[in-house]
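Every value quoted in this text rests on a predicted model; they were computed, and no experiment measured them. Within every chain, numbering begins at 1; the chains are lettered A, B, ... in the order of the sequence lines, protein sequences first and strands thereafter.
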2 protein chains.
Amino acid sequence: MAATTLVYTAIADPSRRRILDLLREGERAVVELGKFFDFSQPALSKHLRILREAKLVRTRKLGRENRYRLDAKGLRTVYDWVGHYEQFWNQSLDRLGDVLDDIDGGSR
Amino acid sequence: MAATTLVYTAIADPSRRRILDLLREGERAVVELGKFFDFSQPALSKHLRILREAKLVRTRKLGRENRYRLDAKGLRTVYDWVGHYEQFWNQSLDRLGDVLDDIDGGSR
DNA sequence: ACAAAACATAACCAAATAGTTATGCGTTGT
DNA sequence: ACAACGCATAACTATTTGGTTATGTTTTGT
């Protein structure tokens, strides 16, 4: 899987986005993170593995704890890509539709 | 599926990101889009359906053609979320650790 | 009138996802 | 010494994903 797509796939899951949000406040151990979720510890470890493989987080062992912290560099690619669309989301589609003489209206 | 996650899922696939990129240059019919991909027309139609359900594209019928165009508003959410990480991706992780140590002063 | 074009959908399939329980391994507290 | 903690991984399962071929509908060109 391409490195870039690893990042997009990683952030496609809401739990993983939540994990990243939590890590913005600072380093956290797995058990600590687990308090915010309803699923099991292995499920959490799997999410963390996906984030690790996307290089969006790093770990360091501290005693028996495994502390995770953010490594946001990979998100820059996403920001840059989405940024290309900035000029589009401000113009109203309806007005664009007028220009294009669009009569269709809905998505199907 | 939550509306927001529909968008993240939609852009997780590289072919769909490519489709959006193509639509930035203007409206296109399905057959036209298909020239840029190696998979079958039904596969393309499926990708387009996912983009439609995420409300990232709209269609209008023009004769026997179905013309797709960008509706980028949904990408704003992504841009905003990723933007929260902007402060993190420029500094090296090691230096960030130092900074946080300084601010924190061992209060945790 | 009719063949072909443009496209969506259905039915199917292999692989990936996201969860589970079970287990093992290093670290810590008593 | 050893029980409990913190965590990763394995093995399993249901669901979703991304592709395929087959087919039906609407529109166009001859």
Give the rounded distance in Å between these two atoms: [atom1] of [X] and [atom2] of [N].
X: B:K35; N: C:dA6; atom1: NZ; atom2: P; answer: 8 Å
X: B:I50; N: C:dT9; atom1: CD1; atom2: P; answer: 12 Å
X: A:R49; N: C:dG19; atom1: CZ; atom2: P; answer: 15 Å

Taking only residues two or more places apart in sequence, or in another chain, which ones meet [X] in a salt bridge (Lys or Arg N to Asp or Glu O under 4.0 Å)?
X: B:R24; answer: B:D21
X: B:R49; answer: B:E53
X: A:R18; answer: none

query: Want to settle it: does A:R16 or B:R67 sit nearer the 5' end of DNA chain C, counting the closest nucleotide to each?
result: B:R67
- prompt: Do any of residues 6-14 of chain B sit with a heavy atom less than 4.0 Å from DNA chain D, and if so which?
  reply: B:T9, B:D13
message: Just to be sure I understand the geometry, which residues of residues 39-48 of chain B put a non-hydrogen atom under 4.0 Å away from DNA chain C?
response: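 Those residues are B:Q41, B:P42, B:S45.
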message: Mind checking if A:F37 touches a base, just sugar-phosphate, or nothing, with heavy atoms under 4.0 Å?
response: nothing
query: Mind checking which nucleotides bracket the chain B contacts on DNA chain D, 5' to 3', with an atom under 4.0 Å from a heavy atom?
result: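 The contact span of chain B on DNA chain D goes from D:dT17 to D:dT28.
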- prompt: Which residue pairs satisfy the salt bridge (charged side-chain N to carboxylate O under 4.0 Å, His left out) criterion with at least one member in residues 79-88 of chain A, sequence neighbours excluded?
  reply: none
statement: With sequence neighbours left out, the residues meeting ring pair (Phe, Tyr, Trp, His ring centres under 6.0 Å) with B:Y85 are B:W81
- request: Give the intermediate values and the outcome of side-chain contact (heavy atoms from CB on, under 4.5 Å) for residues A:L23 and A:L33.
  value: CA-CA 9 Å; A:L23 292 181; A:L33 288 171; 4.2 Å; yes
Between protein and nucleotides 24-28 of chain C, what N or O pairs are separated by less than 3.5 Å?
from   : atom 1 : to    : atom 2 : distance (Å)
C:dT27 : O3'    : A:R64 : N      : 3.3

message: Listing request: all ring pair (Phe, Tyr, Trp, His ring centres under 6.0 Å) pairs with a residue in residues 38-63 of chain B, at least two apart in sequence or in separate chains.
response: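 Residue pairs with at least one partner in residues 38-63 of chain B: B:F37-B:F39, B:F39-B:H47.
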message: Please evaluate residues B:N66 and B:R60 with respect to the criterion side-chain hydrogen bond (donor to acceptor under 3.5 Å, both in side chains), reporting the C-alpha separation (whole Å), side-chain torsions for both, the decisive distance (0.1 Å), and the verdict.
response: CA-CA 6 Å; B:N66 217 350; B:R60 61 180 187 126; over 6 Å; no
- request: Check side-chain contact (heavy atoms from CB on, under 4.5 Å) between B:Q41 and all other residues, then give those that pass, not counting sequence neighbours.
  value: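 Applying side-chain contact (heavy atoms from CB on, under 4.5 Å) to B:Q41 gives B:S45.
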Contacts under 3.5 angstrom, residues 4-12 of chain B side chains, donor-acceptor by atom type, not counting sequence neighbours:
from : atom 1 : to    : atom 2 : distance (Å)
B:T5 : OG1    : A:R17 : NH2    : 3.0
B:T9 : OG1    : B:T5  : O      : 2.9

